[in-house]
Amino acid sequence: MRKILFLFMLFCMQNAFAIKITHGPYICDMDSVSVTIMWVTDKPGMSWVEIAEEDGMHFYGKERRKVFDTVRGRKNVSDTLHCVKVMNLRPNTPYRYRIFTKEMRTWTWSDWVTYGETAASIVYKKDPYKFKTFPVERRDVRFLVLNDIHERAAFMKDLCKDVDFSKLDFVLLNGDMSNMVGDPNNVLRAYIDTCVSMFATRIPILFNRGNHETRGSFADHVIDYFPTKTNEYYRLQHIAGIDFLFLDSGEDKPDTDMEYSDIAAFDEYREREALWLKNLAKEERHKKYPLIVFSHIPPAFGTWHGYYHLKETMVPTLNKMQASVMLSGHLHRYEFQEATNDIHFPVLVNSNMSYLLCEVKKDRMEVDYSELNKKNIKHFSFKLK
């Protein structure tokens with residue numbers, strides 16, 4: 001009896017110290033042929049994804065690929081944040097996946113590494129996770145926009161309780177999801193965990209930085225949680241025949257403001273971004289694909305420096321690119337501006353108490369603005385240029 005009790009206690013002790021998956025998985029940076037899968041463990045280790053096409057067969061009855069978290073030719077074994085970029089997928093195809101992390105116990109010298117136990121989603125979840133890649137050809141696209149949540153995870157979940165995520169292609173987090181970023185919890189517990197519980201294991205998060213994500217000692221690591229193919233927040237992402245442009249609007253006050261302790265250099269950053277945008281405009285993609293723009297800070301509705309500099313550096317090129325509409329946040333209130341002589345496209349600002357449910361259909365984008373319990377629903381219809 002004592003031996004059985006001892007073995008049971010030993011098992012419990014080993015299990016208590018075994019590596020665990022603490023956050024995720026969630027998917028991001030998806031297109032028609034690739035996806036990035038992210039998760040976090042309580043100990044560092046070697047991570048991989050097992051992935052197979054969804055065809056009605058048992059997961060292990062279908063040919064599976066094993067894709068590792070790698071960094072410039074080496075398997076990453078020293079981090080607790082795991083990033084697996086799966087390439088060479090088929091467009092418009094459903095997939096199933098599972099995640100694994102094998103604990104890195106010791107790394108003594110050179111590349112002599114010893115490993116411990118393996119944490120796997122199969123332990124926590126009987127069925128594999130699922131997602132579907134975007135198509136190449138043009139079709140209707142549905143997405144949800146959230147912004148200025150400021151770490152109100154419970155409110156975000158309540159706000160979205162009537163959203164049918166199964167009908168969405170992606171969810172855009174359009175800035176200021178955090179108050180500031182002093183450590184990983186300002187990203188993970190503040191909103192990623194809630195996104196995972198609602199949709200993010202199967203529907204990709206597309207992330208756009210707000211000015212509050214630029215603040216805090218851990219702020220430079222936020223992009224590690226939402227990696228992009230360009231390694232920049234600003235980028236062009238093509239989804240099902242539509243070009244979605246992500247602008248990183250930076251901070252809202254001058255770089256010399258005392259709040260920034262002399263570490264802000266956003267004027268130079270926006271100017272570099274504007275140069276990238278001008279080069280993108282030379283491709284004349286707007287003649288082939290409609291352009292929808294996301295920017296946390298809008299280039300209208302304010303006189304602060306960030307609004308002005310964004311308008312000065314970006315808007316002339318956006319006008320040239322024939323942007324159809326810009327979706328913004330930052331103001332913590334609803335605002336709408338039709339196209340003007342200065343800004344040739346409408347600007348819709350989502351508040352901090354609402355979401356935008358958007359659907360791109362043929363030559364128009366339909367948008368429902370909704371607050372909690374679907375109060376104050378406003379409907380917008382934008383013609384795509």
Side-chain angles (χ1 to χ4, degrees), residues 31-32 134-147 168-175 204 206-208 233-249 273-274 276-301 307 310-331 334-351 354-370 377-385:
D31 56 27
S32 58
F134 297 134
V136 173
E137 66 278 2
R138 180 75 179 270
R139 70 151 168 80
D140 294 352
V141 176
R142 288 173 58 88
F143 61 96
L144 185 77
V145 181
L146 296 165
N147 52 266
L168 300 180
D169 290 289
F170 64 86
V171 174
L172 167 67
L173 304 183
N174 203 14
L206 300 187
F207 182 82
N208 201 22
Y233 291 108
Y234 58 85
R235 63 200 186 275
L236 185 75
Q237 193 148 355
H238 185 80
I239 298 173
I242 304 293
D243 275 351
F244 293 95
L245 177 64
F246 293 73
L247 292 183
D248 186 0
S249 51
E273 182 178 358
W276 167 83
L277 188 62
K278 288 178 181 178
N279 289 330
L280 181 65
K282 293 177 183 178
E283 299 178 14
E284 297 189 329
R285 294 178 61 95
H286 59 276
K287 294 182 178 180
K288 186 175 182 181
Y289 305 112
L291 180 66
I292 296 171
V293 184
F294 305 135
S295 175
H296 175 71
I297 296 177
F301 313 111
Y307 302 86
L310 182 69
K311 182 178 178 180
E312 181 184 58
T313 55
M314 309 290 183
V315 167
T317 307
L318 294 176
N319 289 340
K320 181 179 179 181
M321 296 173 74
Q322 299 180 25
S324 295
V325 62
M326 176 184 285
L327 302 182
S328 295
H330 186 66
L331 302 181
Y334 155 80
E335 289 283 358
F336 177 68
Q337 177 180 282
E338 293 279 7
T340 67
N341 291 332
D342 293 331
I343 303 175
H344 299 174
F345 47 88
V347 179
L348 174 58
V349 178
N350 186 41
S351 83
S354 58
Y355 63 73
L356 303 178
L357 185 60
C358 309
E359 184 171 16
V360 180
K361 301 174 66 174
K362 296 183 179 179
D363 63 344
R364 304 198 71 84
M365 184 170 79
E366 308 293 332
V367 180
D368 286 331
Y369 170 101
S370 299
I377 294 180
K378 299 177 176 68
H379 182 78
F380 301 87
S381 183
F382 303 106
K383 181 175 176 56
L384 301 182
K385 299 177 183 179

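- Contact check for His379 versus Glu366: side-chain heavy atoms found under the 4.5 Å cut-off.
- The shortest non-hydrogen separation linking Leu357 to Arg142 is CD2-NH2, 4.0 Å.
- Nearest heavy atoms, His344 versus Asn319: N-OD1, 2.9 Å.
- Across all non-hydrogen atoms, the minimal contact from Asn174 to His296 is O-ND1, 2.9 Å.
- Counting all heavy atoms, side chain and backbone alike, Ile343 lies closest to Pro299 at CD1-O, 3.6 Å.
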* To do: Report the C-alpha distance between Lys383 and Asp363 in whole Å, list the side-chain angles of each, state the deciding distance to 0.1 Å, and finish with yes or no for salt bridge (Lys or Arg N to Asp or Glu O under 4.0 Å).
  => CA-CA 6 Å; Lys383 181 175 176 56; Asp363 63 344; 3.5 Å; yes

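- With contacts defined as side-chain heavy-atom distances shorter than 4.5 Å, the pair Leu280/Leu245 qualifies.
- Phe134 and His238 have their aromatic ring centers separated by at least 6.0 angstrom.
- Residues forming a ring-ring contact (aromatic ring centres under 6.0 Å, His included) with Phe244 (at least two apart in sequence, or on another chain): Phe143, Phe170, Phe294.
- In this structure, Leu356 CG and Ser328 OG are separated by 10.0 Å, a value rounded to the nearest 0.5 Å.
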* Stepwise side-chain contact (heavy atoms from CB on, under 4.5 Å) test for Lys378 and Asp368 -> CA-CA 6 Å; Lys378 299 177 176 68; Asp368 286 331; over 6 Å; no

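- The side-chain heavy atoms of Tyr233 and Phe207, taken from C-beta on, include a pair separated by under 4.5 Å.
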* Begin from the C-alpha positions of Val367 and Val325 and carry the test side-chain contact (heavy atoms from CB on, under 4.5 Å) through to its verdict. => CA-CA 11 Å; Val367 180; Val325 62; over 6 Å; no

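- Residues Phe246 and Val293 are not in side-chain contact: their nearest non-hydrogen atoms beyond the backbone lie 4.5 Å or more apart.
- Atom OG of Ser295 is separated from atom CE of Met326 by 4.5 Å, given to the nearest 0.5 angstrom.
- Of all the heavy atoms in Tyr234 and Asp248, the pair that sits closest is CB-N, 4.0 Å.
- Remark: Tyr289 OH to Glu283 CD distance equals 11.0 Å, nearest 0.5 Å.
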* Could you walk me through whether Phe336 and Phe380 pass the ring pair (Phe, Tyr, Trp, His ring centres under 6.0 Å) test, one step at a time? => CA-CA 10 Å; Phe336 177 68; Phe380 301 87; 5.1 Å; yes

* **Val360/Leu384 under side-chain contact (heavy atoms from CB on, under 4.5 Å): CA gap, chis, key distance, verdict** => CA-CA 9 Å; Val360 180; Leu384 301 182; 3.5 Å; yes

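- In this structure, Tyr369 has its ring center closer than 6.0 angstrom to the ring center of Tyr334.
- Remark: Asp342 engages Lys311 in a salt bridge, criterion side-chain N to carboxylate O under 4.0 Å.
- The ring-ring contact (aromatic ring centres under 6.0 Å, His included) test applied to Phe345 returns no partner, not counting sequence neighbours.
- Once rounded to the nearest 0.5 Å, the distance linking CZ of Arg138 with CD1 of Ile239 reads 12.5 Å.
- Atom CE of Met321 sits about 6.5 Å away from atom CG of Leu236, to the nearest 0.5 Å.
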* Audit row: Leu291, Arg285, side-chain contact (heavy atoms from CB on, under 4.5 Å) steps and yes/no -> CA-CA 9 Å; Leu291 180 66; Arg285 294 178 61 95; over 6 Å; no

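- The shortest distance between side-chain heavy atoms of Val171 and Leu206 does not fall below 4.5 Å.
- Qualifying side chain to side chain contact (heavy atoms under 4.5 Å, CB included) partners for Gln322, counting only residues two or more places apart in sequence or in other chains: His286, Lys385.
- Using a 4.5 Å cut-off on side-chain heavy atoms (C-beta onward), His330 and Tyr307 make contact.
- Residues Phe382 and Arg364 form no side-chain contact, since every pair of their non-hydrogen atoms from C-beta on lies 4.5 Å or further apart.
- When all heavy atoms of Gly329 and Asn147 are compared, the closest pair comes out as CA-ND2, 3.6 Å.
- Note: Leu277 CG to Leu318 CG = 5.5 Å, rounded to the nearest 0.5 Å.
- Under the 3.5 Å distance criterion, the side-chain polar atoms of Ser249 are matched with a main-chain donor or acceptor of Ile297.
- Classification of Lys361 and Asp140 as a salt-bridged pair fails, no side-chain N sitting under 4.0 Å from a carboxylate O.
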